[in-house]
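Written out below as structure tokens is the structure these notes cover.
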Amino acid sequence: VQLQASGGGLVQAGGSLRLSCAASERTFEPSAMGWFRQAPGNKRDFVGSITRSGGPTHYTDSVKGRFTISRDDAKNTVFLQMNSLNVGDTGVYYCAAANPTYTCLGSGCYQREFEYEVWGHGTKVTVSS
């Protein structure tokens with residue numbers, strides 16, 4: 001299975017973008033989908049995740065209240081709606097899928113790279129001041 005992320009681009013601070021991540025196989029049912037981003041010169045960091053249909057979402061503190069993750073299971077696609085963008089949101093955004101059989105209990109679930117086994121190539125987001 002492959003993941004294709006799209007929707008990145010150049011936007012002014014305060015603007016919005018909506019990223020999409022589509023899985024190539026409709027039968028693929030990951031236990032969770034996540035978004036990570038890598039700012040220039042920095043390591044890749046967790047942004048948000050959503051578990052299988054009906055499950056909870058998680059966000060890193062810096063995007064809470066501004067970013068929203070949703071998923072369309074019928075299309076095997078996950079979305080990242082990004083509002084009130086600021087320069088600090090600039091980076092390459094990667095979507096990732098956890099193994100369908102992977103289950104996490106406790107705190108910090110689906111916020112760590114090792115929990116994801118399939119990664120997309122990334123889509124670049126640039127926020128100008």
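All values reported here derive from a predicted model rather than from experimental measurement.
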Nearest heavy-atom neighbours spanning [X] and [Y]:
X	Y	answer
Val11	Gly15	CG2-CA, 3.8 Å
Ala13	Ser129	CB-CA, 4.4 Å
Tyr102	Ala98	CD2-CB, 4.4 Å
Arg112	Cys104	NH2-SG, 3.4 Å
Leu3	Cys21	CB-SG, 3.9 Å

Honestly curious: do [X] and [Y] fall in one hydrophobic cluster under the side-chain, below-4.5 Å linking rule?
X	Y	answer
Phe114	Val118	no
Val78	Leu17	yes
Trp35	Leu85	yes
Tyr94	Val127	no
Met33	Val1	yes

Taking [X] for the side chain and [Y] for the main chain, is one N or O donor matched with an acceptor at less than 3.5 Å?
X	Y	value
Gln81	Phe67	no
Ser49	Gln111	no
Thr123	Ala5	no
Tyr116	Tyr110	yes

Q: Decide if atom CD of Glu25 counts as having more than 12 heavy atoms of other residues, nucleotides or ligands within a radius under 6.0 Å.
A: yes

Gap separating the [atom1] atom of [X] from the [atom2] atom of [Y], nearest 0.5 angstrom:
X	Y	atom1	atom2	result
Phe79	Ser20	CZ	OG	5.0 Å
His121	Ser6	NE2	OG	13.0 Å
Thr90	Asn42	OG1	CG	11.5 Å
Thr68	Leu80	OG1	CG	8.0 Å

Q | Results of ring pair (Phe, Tyr, Trp, His ring centres under 6.0 Å) for Phe28 - residues two or more places apart only | A | none

Would you mind writing out the side-chain donor-acceptor pairs for residues 57-64 within the sub-3.5 Å range, not counting sequence neighbours?
{"residue": "Tyr59", "atom": "OH", "partner": "Ile69", "partner atom": "N", "Å": "2.8"}
{"residue": "Asp61", "atom": "OD1", "partner": "Lys64", "partner atom": "NZ", "Å": "3.0"}
{"residue": "Ser62", "atom": "OG", "partner": "Arg37", "partner atom": "NH2", "Å": "3.4"}

**Q.** Side chains of Met82 and Leu19 in contact at under 4.5 Å (non-hydrogen atoms)
**A.** yes

Q. Glu113 versus Trp119: any side-chain heavy-atom pair under 4.5 Å?
A. yes

Q.
Does this structure show an ion pair linking Asp89 with Arg66, if we count only N-O contacts that are shorter than 4.0 Å?
A. yes

Q. Which of these passes side chain to side chain contact (heavy atoms under 4.5 Å, CB included) with Pro30: Arg52, Glu117, Arg71?
A. Arg71

Q. Does Phe46 have its ring centroid less than 6.0 Å away from the ring centroid of Phe36?
A. yes

Q. Does the side chain of Thr77 pick up a donor-acceptor pair with the side chain of Asp72 at under 3.5 Å?
A. no

